[in-house]
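Right, one structure below, let's go through it.
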Amino acid sequence: LAAGAGAVYLVYRFLYGKKEDLKEDTALDVKVSPEPETENAMEKLGIPKVGSGMDLNPDYCGALKRFSEKIDALGTGIGYIDMYGFPTLIATKPEYVRKLLAHNVQHALWAGLTEASKSFFGKKVLFVVEGDEWRELRNTMKSALSKQNVAQMTEDVVNIANAFSRSLHRGKEVDMALLAGSYHLSAIGKSAFDFDLNCLGAAKLGPNEISMSFEFFISELPRRSLAPDQSVLGNYEVDNEDNRKWKTAADTVRNSIEKVVSKRLRDHLNGVPVRRDLLDSMIEAYDEQLGRKASEEELMEGLTDNLVEILFAGYNTNVGTISNALYYLAKNPEYMRMAQKEIDSLIPDEVIDESDLGSKIRFDVNKLTTLKNVYYETLRVAPPAPLVARLLGKDVQLSPDLTLPKNLPVWFPCEYLQNKNEHWPVFDASNFNPNRWKSKNPFTPGAYFPFSSGPRDCIGKNFALLEAIACLALLLKRFDFAVGDNYELRPLFNGFGYRPCDGNTMKVGMRLVPTQRRDKE
């Protein structure tokens with residue numbers, strides 16, 4: 001990451017510098033945003049400088065916390081850092097966070113994340129498109145991922161979770177992050193587009209090529225998006241070893257999804273009855289959004305791109321949350337018992353004890369309020385990413401005396417705000433305590449936004465909740481969990497978000513041991 005400082009500087013020049021300043025630096029074809037206000041302008045506005053981009057190396061998240069603490073100590077609620085000659089704002093006042101996220105939707109992406117995303121997912125996905133194109137696509141995807149449509153996915157998700165829980169064995173240490181990733185891919189593959197990605201054998205056979213492709217992408221991302229070598233940072237077309245590996249991983253995923261999409265489109269064309277699922281809702285939404293019957297080529301590209309992104313979105317976020325929840329429950333067994341008591345009241349033992357792996361089980365995930373509180377608390381303590389970033393699309397008046405100019409990047413440090421006592425009046429924020437969510441107002445508005453907030457919040461949050469609760473319920477129905485020997489959780493930031501990591505070995509993963517439930521001995 002430290003070696004990427006030069007790359008970050010260059011990208012900031014791309015995004016916020018003058019075009020004539022870039023001619024000698026690179027030949028990459030990029031769209032350069034208008035130059036924002038200078039540092040002097042920030043100081044004239046009364047916005048204090050709290051650090052620089054160089055301070056982010058080597059501990060990005062530690063530096064972000066220090067910046068935030070300095071802003072709060074000054075009492076301004078907002079400050080800026082000098083990112084290689086260009087100001088980036090940091091907002092720590094919840095009131096400011098709410099206001100800014102409510103009216104600004106453009107991502108402020110750093111380094112090479114945009115090019116990396118386009119090369120792996122495709123060019124027509126929510127993460128990278130902006131403006132009217134983003135609004136149209138979001139409406140399409142939001143409709144397909146509505147609460148009503150997600151509710152129809154419950155049975156498939158629950159039964160994939162059941163099969164996943166049956167694949168684990170008591171007393172055998174596992175990498176829960178890797179296994180939860182395989183569960184996620186299987187759950188969304190079956191429930192969203194009725195396709196078996198064959199990932200559930202990971203506990204016995206190891207991850208399959210689909211899982212390994214996502215693992216490759218997510219592990220390579222920091223190196224490729226922060227590389228000082230420009231051929232690595234922004235060029236995925238040159239024939240070299242890096243790009244061949246990258247393309248192989250991307251094609252492995254994309255080819256599988258294209259087959260699913262192609263078959264579904266042929267079935268529609270030939271009048272073959274198809275089940276109502278996420279893919280079918282997306283096809284319908286695409287037609288409605290375009291205002292006409294979309295061509296097969298348009299549908300193939302748009303559907304494939306966005307299904308690949310949906311698979312990755314949960315892999316990069318919800319997989320870590322599921323793993324983290326089990327870790328915190330293992331560290332706080334009193335809450336594990338509380339959750340298991342509620343689970344036992346909804347899922348009979350005889351259903352779990354059946355030997356038929358194909359048997360279907362049903363329970364109302366919405367009634368698992370304790371487990372949902374565990375989920376919310378896990379997101380509070382360990383959000384999927386340490387911050388949310390936006391680019392101001394217009395001038396914003398934060399207060400009578402402070403108006404922020406457009407085209408400035410703003411960082412919102414969700415991890416910092418979600419763990420600051422001042423904003424959490426019920427129970428100490430430094431402790432994992434799901435009971436705080438029984439309160440009607442557990443936090444200061446604007447201090448909790450693990451799914452972001454405003455018009456660009458996460459459209460997959462309803463499915464994420466379903467997927468996590470179903471998985472945790474079936475695992476905790478069968479097992480207690482203990483933390484692996486000498487394992488200490490230390491999240492690793494990869495540019496997109498956090499990954500569970502062993503703080504002692506710095507190896508990515510979550511070592512947990514499923515054990516016999518003590519109350520069932």
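Taking 4.0 Å as the cut-off between side-chain N and carboxylate O, Arg511 and Asp502 count as a salt-bridged pair. Comment: Asp239 engages Arg244 in a salt bridge, judged by a side-chain N to carboxylate O separation of less than 4.0 angstrom. Between Asp132 and Arg135 there is a salt bridge, since at least one side-chain N of the basic residue sits less than 4.0 Å from a carboxylate O of the acidic one. Asp242 and Lys247 are not joined by a salt bridge, as no carboxylate oxygen comes within less than 4.0 angstrom of a charged side-chain nitrogen. Note on Arg499 versus Glu215: salt bridge recorded, some NZ/NE/NH1/NH2 to OD/OE distance being below 4.0 Å. Between Glu133 and Lys124, at least one side-chain nitrogen of the basic residue sits less than 4.0 Å from a carboxylate oxygen of the acidic one, meeting the salt-bridge criterion. A salt bridge is defined here as a Lys NZ or Arg NE, NH1 or NH2 lying under 4.0 Å from an Asp or Glu carboxylate O, and Lys190 with Asp277 fails to meet this definition.
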| request: Test Met176 against Leu168 for side-chain contact (heavy atoms from CB on, under 4.5 Å), laying out the working first. | output: CA-CA 10 Å; Met176 184 54 69; Leu168 303 187; 4.0 Å; yes
| said: side-chain hydrogen bond (donor to acceptor under 3.5 Å, both in side chains) for Arg224 and Asn243? Distances and angles first, verdict last. | reply: CA-CA 10 Å; Arg224 294 300 300 265; Asn243 286 344; 2.8 Å; yes
| message | Could you go through Cys471 and Phe164, starting from their C-alpha distance and side-chain angles, then the distance that decides it, and tell me whether this counts as side-chain contact (heavy atoms from CB on, under 4.5 Å)? | response | CA-CA 8 Å; Cys471 181; Phe164 172 53; 3.7 Å; yes
| field | Evaluation steps, side-chain hydrogen bond (donor to acceptor under 3.5 Å, both in side chains), between Arg170 and Thr515 | value | CA-CA 5 Å; Arg170 295 182 181 91; Thr515 62; over 6 Å; no
| task | Tell me, with the steps shown, if Trp246 and Asp251 meet side-chain contact (heavy atoms from CB on, under 4.5 Å). | result | CA-CA 9 Å; Trp246 188 274; Asp251 286 349; over 6 Å; no
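Atoms CZ and CD, from Arg517 and Gln340 in turn, are 4.0 Å apart once rounded to the nearest 0.5 Å. To the nearest 0.5 Å, atom OG of residue Ser453 and atom OH of residue Tyr448 are 12.0 Å apart. Here the straight-line distance linking atom OG of Ser117 with atom CG of Asp305 works out to 11.5 Å at 0.5 Å rounding. Interatomic distance, Trp411 CH2 to Ile90 CD1, rounded to the nearest 0.5 Å: 6.0 Å. With values rounded to the nearest 0.5 angstrom, Thr140 atom OG1 is found 12.5 Å from Ile283 atom CD1. Here CZ of Phe432 is found 9.5 Å from CG of Asn324. Values are rounded to the nearest 0.5 Å.
Between Val410 and Thr88, every side-chain heavy-atom pair lies at or beyond the 4.5 Å cut-off.
Under a 3.5 Å cut-off, the side chain of Ser146 and the backbone N or O of Lys142 do not form any donor-acceptor pair. Panel note: side chain Lys477, backbone Ile347; a donor-acceptor pair is recorded below 3.5 Å. In this structure a side-chain-to-backbone donor-acceptor pair under 3.5 Å is present from Asn208 to Leu197. When atom types are taken as modelled, the side chain of His107 and the backbone of Leu391 share no donor-acceptor pair closer than 3.5 angstrom. At least one donor-acceptor pair closer than 3.5 Å links the side chain of Thr378 to the backbone N or O of Val374.
Between Phe121 and Phe312, the ring planes are tilted. Angles from 30° to 60° get that label. Between Tyr498 and Phe493, the ring planes are perpendicular. Angles over 60° get that label, and only those under 30° would be called parallel.
For the residue pair Tyr328 / Glu377, no side-chain donor-acceptor distance below 3.5 Å is found, with atom types taken as modelled. Checked by atom type, the side-chain pair Asn235/Glu115 shows no donor-acceptor distance below 3.5 Å. Side-chain contact of Arg478 with Asn162: a donor-acceptor pair under 3.5 Å is present, judged by distance alone. Residues Ser452 and Arg456 have side chains that never bring a donor and an acceptor to within less than 3.5 angstrom of each other. Counted by atom type alone, Tyr375 and Asn318 present one or more donor-acceptor pairs between their side chains at under 3.5 Å.
Other residues, nucleotides and ligands place more than 12 heavy atoms under 6.0 Å from the CE atom of Met300.
Aromatic ring centres of Phe496 and Phe127: separated by under 6.0 Å.
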